[in-house]
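A quick write-up on the structure given underneath.
Quick note: residue numbers are just sequence positions, from 1.
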Amino acid sequence: MSDDRGLSPSAVRASQLVRGVIGRLRRRIRAAGSTDDLSLTQASVLARLTDDQGLTTSDLAVSEGMRHQSMASTVGALAVRGLVERRRDPGDGRRQLITLTAEGRRRAEAGRQARGEWLAAELQKKCTEEERQTVIAAMAVLERLVSD
């Protein structure tokens, strides 16, 4: 980013700060929700599958920024543990959709709850009420950036 594109110094600096903090916060939140027996990638796949009726291995690989072969290995490890299952896509029988088992859904929800509790506890412990209100206001501003 450079100023010769018409960007103000404050826009450039805000961009750098937001990206840096969000990246670190995302890693800390993900770590708080993972259990010792799941890798961060495995926990992330479980979390991603909670919102979908099933995704292909290719879909998961793209969403996680991984190669297909690496994701196939991750999915295989989750399947062996009984956390995901493969089902034929009703719309295209050549494709297999990866879905959560009941145990996989339970583990994903437990991870989601742990992440939420960790963040709430950190905000309670490290921020004043005024600072928490500032965070709430800042989230409204950031939400405008991602709203269409």
- Message: I'd like to know if L17 and V135 are part of one continuous hydrophobic network [Ile/Leu/Val/Met/Phe/Trp/Tyr, side-chain heavy atoms within less than 4.5 Å].
- Response: no
- For L40, the hydrophobic cluster (side chain heavy atoms closer than 4.5 Å, chained through members) also holds none
- salt bridge (charged side-chain N to carboxylate O under 4.0 Å, His left out) partners for D89, two or more places apart: R95
- Sorted by first residue and then second, give each salt bridge (charged side-chain N to carboxylate O under 4.0 Å, His left out) pair with at least one member in residues 40-49; sequence neighbours left out. R48-E64
- Is there side-chain contact between L49 and T99, with at least one heavy-atom pair below 4.5 Å? no
- Passes side chain to side chain contact (heavy atoms under 4.5 Å, CB included), V84 versus L46? Steps please. CA-CA 8 Å; V84 299; L46 291 184; 4.0 Å; yes
- Sub-3.5 Å donor-acceptor pair from the side chain of T101 to the main-chain atoms of L83, do we have one? yes
- Message: So, taking the atom named CG in L38 and the one named OG in S44, what distance separates them when rounded to the nearest 0.5 Å?
- Response: 11.5 Å
- The reported gap from CD in E130 to OG1 in T134 (rounded to nearest 0.5 angstrom) is 5.5 Å
- Message: Filter on salt bridge (charged side-chain N to carboxylate O under 4.0 Å, His left out), then keep only pairs touching residues 111-122, sequence neighbours left out; what's left?
- Response: D51-R112, E109-R112, E122-K125, E122-K126
- Query: Can you name the residues that form a salt bridge (charged side-chain N to carboxylate O under 4.0 Å, His left out) with R106, not counting sequence neighbours?
  - Reply: E103
- Query: Partners of R94 by salt bridge (charged side-chain N to carboxylate O under 4.0 Å, His left out), sequence neighbours excluded?
  - Reply: D92
- Message: Looking at every heavy atom in both A32 and A114, which two are closest together, and how far apart are they?
- Response: O-CB, 3.8 Å
- Task: Could you list the residues that satisfy side-chain hydrogen bond (donor to acceptor under 3.5 Å, both in side chains) with R105, not counting sequence neighbours?
- Result: none
- Message: Testing the 3.5 Å rule here: is there a donor-acceptor pair between the side chains of T56 and S58?
- Response: no
- Message: Does anything in residues 134-144 form a salt bridge (charged side-chain N to carboxylate O under 4.0 Å, His left out)? List the pairs, not counting sequence neighbours.
- Response: none
- Query: Just by modelled atom types, is the S15 backbone N or O under 3.5 Å from a matching donor or acceptor in the R19 side chain?
  - Reply: yes
- Task: Calculate, to the nearest 0.5 Å, the distance between atoms CG and CG belonging to L97 and L55 respectively.
- Result: 7.5 Å
- How far apart are the C-alpha atoms of S10 and S8, what are their side-chain angles, what is the distance that settles it, and do they pass the side-chain hydrogen bond (donor to acceptor under 3.5 Å, both in side chains) test? CA-CA 5 Å; S10 64; S8 71; 3.1 Å; yes
Show me the side-chain donor-acceptor pairs of residues 66-80 shorter than 3.5 Å, one per line, residues at least two apart or across chains.
{"residue": "R67", "atom": "NH2", "partner": "S70", "partner atom": "OG", "Å": "3.2"}
{"residue": "T74", "atom": "OG1", "partner": "S70", "partner atom": "O", "Å": "3.2"}

- Can you sort out the partners of E129 under side chain to side chain contact (heavy atoms under 4.5 Å, CB included), two or more places apart, ordered by chain and number? R132, Q133
- Query: Got a sec, which hydrophobics cluster with I29, joining ILVMFWY side chains under 4.5 Å apart, including via others?
  - Reply: L25, W118, L119, L123
- Item | Heavy-atom pair with the smallest gap, counting every atom of A108 and A47 | CB-N, 4.4 Å
- Note on the structure: Applied to residues 75-87, the side chain to side chain donor-acceptor pair (under 3.5 Å) test, sequence neighbours excluded, yields D37-R81, E85-R87
